[in-house]
Amino acid sequence: MPVVGYVYDPLYLEHGTPGHPESPARLQSIISHLERSGLLGQMVEVRPRDATSADLELVHSRELIARVRETAEEGGAPTGVAWLDPDTYVVPVSYRAALRSAGGVLAATDAVLDGEIGSAFCLVRPPGHHATPIQAMGFCLFNNVAVAAAHALERRGLERVAIVDFDVHHGNGTQDAFYSNPRVLYVSTHQYPFYPGGGYWAETGEGEGESTTVNLPLPRGCGREEYLRAYREVCEPLVRRFRPQLLLVSAGFDAHLADPLAQMLLDTRGYYEIASSLKALADGLCDGRIVYALEGGYDHTALAWSVRACIDTLLGNEFAEDPLGAGPSVPGINIDTVLAAVRRAHGLDNG
Ligand code: ZN
């Protein structure tokens, strides 16, 4: 029986402002589902720590860290809410929550690398993948997954870490952090064109990092069939070729057909199958070492069932039918051209 860890902390619920989609209720929905279904009881709790400045500085500038802290702690009148960009709020507790969010993924990564657990799902917020080395944006304060990847490489002696990002938005912050770094493979599937604007297939990395950034820009309306093709035909062979020693996952669930912020048609079973693909990669390449970190996902029912679907793959459980049902197949969606472009750009067709 694989030992699967989870990270959670009540502090994650204190970062919030009324009416914003990136809300504490997201996490409450997941936790109550995992409790009700008994899955939480099948997992081992990993206590988060608070990321230190030295941890964050593996990825972020001192100026950004100071700006997030000062903006949060000074707060805004009259409600305490201040804005780092038009989408990205902070309240006085947000800096502490963000340290514990990044520290949660660090703790899970250490527990996996130390062999205390086999894999983990980090139920953290605020999310991270839009935060660049120098800018907080897109609901994200610090880049939780990027900090964990840098920690694994620079402090734990790993040579290669792969990050797979299935959030519906392109993880521009993670891409920026490792764009010229040959030791991090970053693979993103995302709706395109869409927020935050980048993620075209021709963005493949630069310098020594050429070909270690892999973007799969998918048209709106893609569902399970298209996503699974993207994973089978591009993600799987490229991750295998890279031979990571650890797999990190930026796990956003806003490509779900029920999500209010995007226009993809992935269903819960699709998440189960993507997660099964990632688990098979981790099992085959890195002793099953896989750490998920929550990113987006704004329909609370779809979010809870889809997180559960990923956890079910880690626990070795069958797919649990969900109340939202299977997604429709939309005629006219054709991703042949984009998949061919990505395969060509990354030398997958050169024998
Ligand atoms: Zn997203």
Side-chain angles (χ1 to χ4, degrees), residues 12 15-17 19-27 29-30 84-89 98 101-102 105 121-132 135-146 163-177 186-200 203 214-223 226-227 230-231 235 248-268 270-271 274-275 278 292-307 309-310 327:
Y12 300 148
H15 167 74
T17 188
H20 197 284
E22 206 294 279
S23 69
R26 300 175 57 233
L27 211 45
S29 170
I30 298 169
L84 289 160
D85 83 351
D87 302 315
T88 312
Y89 66 87
S101 184
V105 184
F121 201 112
C122 303
L123 298 164
V124 296
R125 55 181 295 280
H129 75 149
H130 293 306
T132 78
Q135 192 179 4
M137 59 180 281
F139 315 165
C140 300
L141 305 187
F142 301 125
N143 196 317
N144 306 320
V145 160
I163 301 172
V164 174
D165 184 336
F166 58 66
D167 189 281
V168 79
H169 302 97
H170 178 236
N172 59 299
T174 312
Q175 171 167 310
D176 281 7
Y186 176 64
V187 183
S188 176
T189 48
H190 45 270
Q191 183 173 327
Y192 184 90
F194 203 42
Y195 181 89
Y200 191 52
E203 296 166 28
V214 181
N215 282 301
L216 283 138
L218 301 173
R220 61 190 292 169
C222 285
E226 290 78 24
Y227 267 88
Y231 279 83
C235 178
L248 299 175
V249 183
S250 267
F253 298 90
D254 36 13
H256 198 286
L257 62 99
D259 196 89
L261 296 197
Q263 291 81 39
M264 291 304 209
L265 296 171
L266 195 55
D267 52 18
T268 310
Y271 283 108
I274 290 170
L278 299 178
Y292 283 79
L294 183 65
E295 302 281 3
Y298 305 97
D299 179 272
H300 299 176
T301 305
L303 177 62
W305 282 90
S306 301
V307 168
C310 294

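Residue numbers run from 1 in the order of the sequence given. In each ligand, atom 1 is the first atom listed, and ligand 1 is the first ligand listed.
- Checked by atom type, the side-chain pair S101/N144 shows a donor-acceptor distance below 3.5 Å.
- Under the rule for a ring-ring contact (aromatic ring centres under 6.0 Å, His included), the partners of H170 that lie at least two apart in sequence or sit in another chain are H190.
- Its N, O or S atom nearest to the Zn ion (ligand 1) is what matters here, and for H169 that atom is ND1.
- The nearest N/O/S atom of D167 to the Zn ion (ligand 1) is OD1.
- For Y89, the ring-ring contact (aromatic ring centres under 6.0 Å, His included) partners at least two apart in sequence or on another chain are H15, H20.
- Contact annotation: E295 places no N, O or S atom under 2.8 Å from the Zn ion (ligand 1).
- Atom OD2 is the N/O/S atom of D254 found closest to the Zn ion (ligand 1).
- Residue F253 forms a ring-ring contact (aromatic ring centres under 6.0 Å, His included) with just one option from W305, Y298, Y292, F166, and that option is F166.
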